[in-house]
S.K.: 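Here's a structure for you.
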Protein chains: 2
Amino acid sequence: MMATIKDVAKRAKVAPSTVSRVIANNPRISEKTKQRVREAMQELCYHPNFIARSLANKSTQTIGVVMPSSADKAFQNPFFPEVIRGISKGAHQKQYGIHMSTGDTEEEIFEGVVQMIEGKRVDGLILLYSRVDDMLTNYLRQNKVPFVMVGKPFNAIEEITHVDNDNYKAAKEVTEYLINQGHKRIAFIGGSLKLAVTVDRLQGYEKAIRNAGLNFRDDYVIHEEFLKEGGQEAVNELFSLEEPPTALFVTDDLMALGVLNKLDAMNIHVPRDVSVVSFNNILLSQISRPPLTTVDINIFQLGYEAAKHMILKIEEPPEPVKRIIIPHKIVIRQSSSEYKKENE
Amino acid sequence: MMATIKDVAKRAKVAPSTVSRVIANNPRISEKTKQRVREAMQELCYHPNFIARSLANKSTQTIGVVMPSSADKAFQNPFFPEVIRGISKGAHQKQYGIHMSTGDTEEEIFEGVVQMIEGKRVDGLILLYSRVDDMLTNYLRQNKVPFVMVGKPFNAIEEITHVDNDNYKAAKEVTEYLINQGHKRIAFIGGSLKLAVTVDRLQGYEKAIRNAGLNFRDDYVIHEEFLKEGGQEAVNELFSLEEPPTALFVTDDLMALGVLNKLDAMNIHVPRDVSVVSFNNILLSQISRPPLTTVDINIFQLGYEAAKHMILKIEEPPEPVKRIIIPHKIVIRQSSSEYKKENE
DNA sequence: TTGTACGCGTTATCAA
DNA sequence: TTGATAACGCGTACAA
């Protein structure tokens, strides 16, 4: 059997409570006994039992991570491993563990989270998605469960600590970049408007378009599901217009890949005939043909800061509601170029 | 404060132990009192405290998932979200939670796992990688920690329950497919030989080549890091040979994407000039140009079965060591085609 | 069929 | 500076 605190106590000839204090590095224990106890711990290969500690403490040192519905295609986005890597780093630094939760349906996810919370398996949650009218966030707020959201909350934004990019600004900037390149007909291909991120990027795009005195055209704005069919369908629509765009603003690298393929199939050359920009800067965006001009949103940092603030919220309440903005950076690669008049 | 088992007991006018039995659905409790107790639980919104239960039980109903080093580029492979989706499904079905563990370095991972185990945070582990001379697997075996590996163990294969594909067979089959298409010069582009999966696939490839009476050429076998540079470097080498290959066997879809891009840049047409096949059938393999012929290894199932067997091992020891083979399937798409003589 | 009493391994309170 | 003791919430012999 594994050594317990009592075994260590006996071996070091002290009381269990003393051992406990040594573990916590309580300053009121003499260095001498600390030494003795530590030796005993070594000899017995003692490791504190987290479960027992949690029970006594009422703290699990664990944060729950809630993924979107696994049925969702977006689940396969390399965004997730990367954000989890960030969370993991932040959690690890403070000796926290990570408890994952997924489900096929929204109900399944909700049920899982309730179990986690009521069962006291976690001290707090990081939500990796934000949805309109989310029953989950409502539940969490009502029950005063500490949580942090990655991305922008749809409702009650003033009451939810979240870690996000300034997607409005990023979208505006990258659109301005295209405009500066001489493009006047810039289309927007985005995911569902139920995602806050889509809304923000659309608004930034619109702002830049209007600022430049260009026409904001409804037929240049297309929303599709993530991935494959999405991007391809969008391209179909856009290039059957009388005045097809000369540049495409795509809200996600993965969609952009679909777009690139479709363009290739239609013999539309990138960037000669049309420029393409997108978001995320996942690894694949470097190896696409051509490599994608994309906004690096610093996914790792998104996760890292989420973890850090989650732990802050757990350890020193009342931590005020915060909005943490992670900087972005436009990475220019070959998928975008100056618009050449001779194409007209 | 949250309701405890005692509160429920009082409200239902029974002893706490009775409530406990109702939760466990002990048949020796009369339906009548069960009903009464359940009502009380409803009214108080009672949820059992997992931590307390774990302490009493010495079972956490949680399985730990060990990811490879997050510094590793392979970490970004969509393989991981998908396998985790499978694990999650399997775990959820049996009411198990998932505890994740990562780290930048091998030592960090090891330390994290030891904490998980000694701290009794998990009942068992699923390892998502297998390495030569892994200190972790040695530790786990010595301490009789129940664990299941996804992939093929390098050492002590007879003593480690693992869930894997028959990569040897799959590689052989897909090579035979190329041979049947008329290809005689087939090159192999794979990851590190320290990964069991690379070794298996290489052997299957070699076997098929030799069976067909073809030449197994060393200069047709290239090992590179996953991703980008890897695939591209390999193509460079192969096509500067005097007799370049007419078909490429790539061990991973992501690498294959890099290969496709490099080929495109070199103006080598796929599949007219060269056929490409790879492994995994991740979502992206459908939207590549051209779509990839690839071996679907059923990643989800890999995770699902790993979870199922992990739980079996936890719940009914001694569970014998097992080797679970998940079936694969060749998915033929446009990246491969018959070899046409006129190309000679 | 149900209740009593103890143990799980730790922390925290109060004495000493 | 340390020790004894009571929680923490639940499961389970054993008793009734």
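Computed from heavy atoms alone, side chains included, the values below leave out hydrogens, waters and symmetry copies.
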S.K.: Using the ring-ring contact (aromatic ring centres under 6.0 Å, His included) criterion, which residues pair with A:Phe300? Sequence neighbours excluded.
M.R.: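 Expected list: none.
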
S.K.: If only side-chain N and O atoms count, and only distance matters, is there a donor-acceptor pair under 3.5 Å linking A:Lys34 with A:Asn26?
M.R.: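 A:Lys34 and A:Asn26 do not have a side-chain donor-acceptor pair below 3.5 Å.
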
S.K.: Would you kindly give the CG-to-P distance between A:Leu55 and D:dG9, to the nearest whole Å?
M.R.: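 Atom-to-atom, A:Leu55 to D:dG9, this comes out as 7 Å.
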
S.K.: Rounded to whole Å, how long is the line connecting atom NZ of A:Lys13 with atom C1' of D:dA4?
M.R.: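 Rounding to the nearest Å, NZ of A:Lys13 and C1' of D:dA4 are 19 Å apart.
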
S.K.: Going by ring-ring contact (aromatic ring centres under 6.0 Å, His included), name the residues that satisfy it together with A:Phe110, two or more places apart in sequence or in a different chain.
M.R.: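 Once residues adjacent in sequence are excluded, the partners of A:Phe110 under the ring-ring contact (aromatic ring centres under 6.0 Å, His included) criterion are A:Tyr139.
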
S.K.: Pairs in or reaching into residues 75-87 of chain B: which pass salt bridge (Lys or Arg N to Asp or Glu O under 4.0 Å), with residues at least two apart or in two chains?
M.R.: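 Non-adjacent pairs meeting salt bridge (Lys or Arg N to Asp or Glu O under 4.0 Å): B:Glu82-B:Arg85.
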
S.K.: Taking DNA chain D as the partner, which of residues 113-121 of chain A come within under 4.0 angstrom of it by heavy atom?
M.R.: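 Within residues 113-121 of chain A, no residue comes under 4.0 Å of DNA chain D.
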
S.K.: With axes from five pairs an end, tell me the bend angle of the helix from C:dT1-D:dA16 to C:dA16-D:dT1, nearest 10°.
M.R.: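 Rounded to the nearest 10 degrees, the bend comes out at 40°.
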
S.K.: Rounded to the nearest 0.5 Å, what's the gap from OG1 on A:Thr102 to CD1 on B:Ile84? Could you check?
M.R.: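 Separation between the atoms: 8.0 Å.
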
S.K.: Where along residues 28-42 of chain A does a heavy atom fall under 4.0 Å from DNA chain C?
M.R.: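 Of all residues in residues 28-42 of chain A, none places a heavy atom under 4.0 Å from DNA chain C.
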
S.K.: Could you check whether A:Ser17 and A:Ser20, counting side-chain N and O atoms only, form a donor-acceptor pair closer than 3.5 Å?
M.R.: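 A:Ser20 vs A:Ser17: no donor-acceptor pair found between side chains.
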
S.K.: Please report the shortest heavy-atom distance between B:Ile326 and B:Asn165, naming the atom on each side.
M.R.: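 Looks like O-ND2, 3.2 Å.
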
S.K.: Holding to salt bridge (charged side-chain N to carboxylate O under 4.0 Å, His left out), I want the full list of residues that pass it with A:Lys313, two or more places apart in sequence or in another chain.
M.R.: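 With neighbours one apart ignored, the set is empty.
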
S.K.: As an exercise, state the distance from CZ of A:Phe154 to CG of A:Leu195, rounded to the nearest 0.5 Å.
M.R.: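 Rounded to the nearest 0.5 Å, the CZ-CG separation comes to 7.0 Å.
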
S.K.: Please identify each residue that fulfils salt bridge (charged side-chain N to carboxylate O under 4.0 Å, His left out) with B:Lys308, with sequence neighbours left out.
M.R.: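 Expected list: none.
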
S.K.: In residues 120-127 of chain A, what donor-acceptor pairs under 3.5 Å come from side-chain atoms, sequence neighbours left out?
M.R.:
unit_1   : atom_1 : unit_2  : atom_2 : d
A:Arg121 : NH2    : B:Gln61 : O      : 2.8
A:Arg121 : NH2    : B:Thr62 : OG1    : 2.8
A:Asp123 : OD1    : A:Thr60 : N      : 2.8
A:Asp123 : OD1    : A:Thr60 : OG1    : 2.9
A:Asp123 : OD2    : A:Thr60 : N      : 3.1
A:Asp123 : OD2    : A:Thr60 : OG1    : 3.4
A:Asp123 : OD2    : A:Gln61 : N      : 2.8

S.K.: Write down the distance between CG (A:Asn26) and P (C:dT10), rounded to a whole number of angstrom.
M.R.: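 After rounding, the gap between these two atoms is 17 Å.
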
S.K.: Looking at C:dC8, C:dT4, D:dA4, which one has an atom nearest to any side-chain atom of B:Lys58?
M.R.: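 The answer is C:dC8, which lies nearest to the side chain.
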
S.K.: Under 3.5 Å between N/O atoms: give me all the protein pairs with nucleotides 10-12 of chain D, atom names plus distance.
M.R.:
unit_1 : atom_1 : unit_2  : atom_2 : d
D:dC10 : OP1    : B:Tyr46 : OH     : 2.5
D:dC10 : OP1    : B:Asn49 : N      : 3.2
D:dC10 : OP2    : B:Ile5  : N      : 2.5
D:dG11 : OP1    : B:Arg53 : NE     : 3.0
D:dG11 : OP2    : B:Ser20 : OG     : 2.8

S.K.: Under the rule for salt bridge (charged side-chain N to carboxylate O under 4.0 Å, His left out), what residues qualify as partners of B:Arg11, not counting sequence neighbours?
M.R.: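 Expected list: B:Glu43.
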
S.K.: Got a sec, which residues hit salt bridge (charged side-chain N to carboxylate O under 4.0 Å, His left out) with B:Arg141, two or more places apart in sequence or on another chain?
M.R.: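 Testing B:Arg141 for salt bridge (charged side-chain N to carboxylate O under 4.0 Å, His left out), a comparison that skips the adjacent residues, returns B:Glu159.
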
S.K.: Quick one: A:Asp123 CG to D:dC8 C1', roughly how many Å, whole number?
M.R.: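 Result: 15 Å.
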
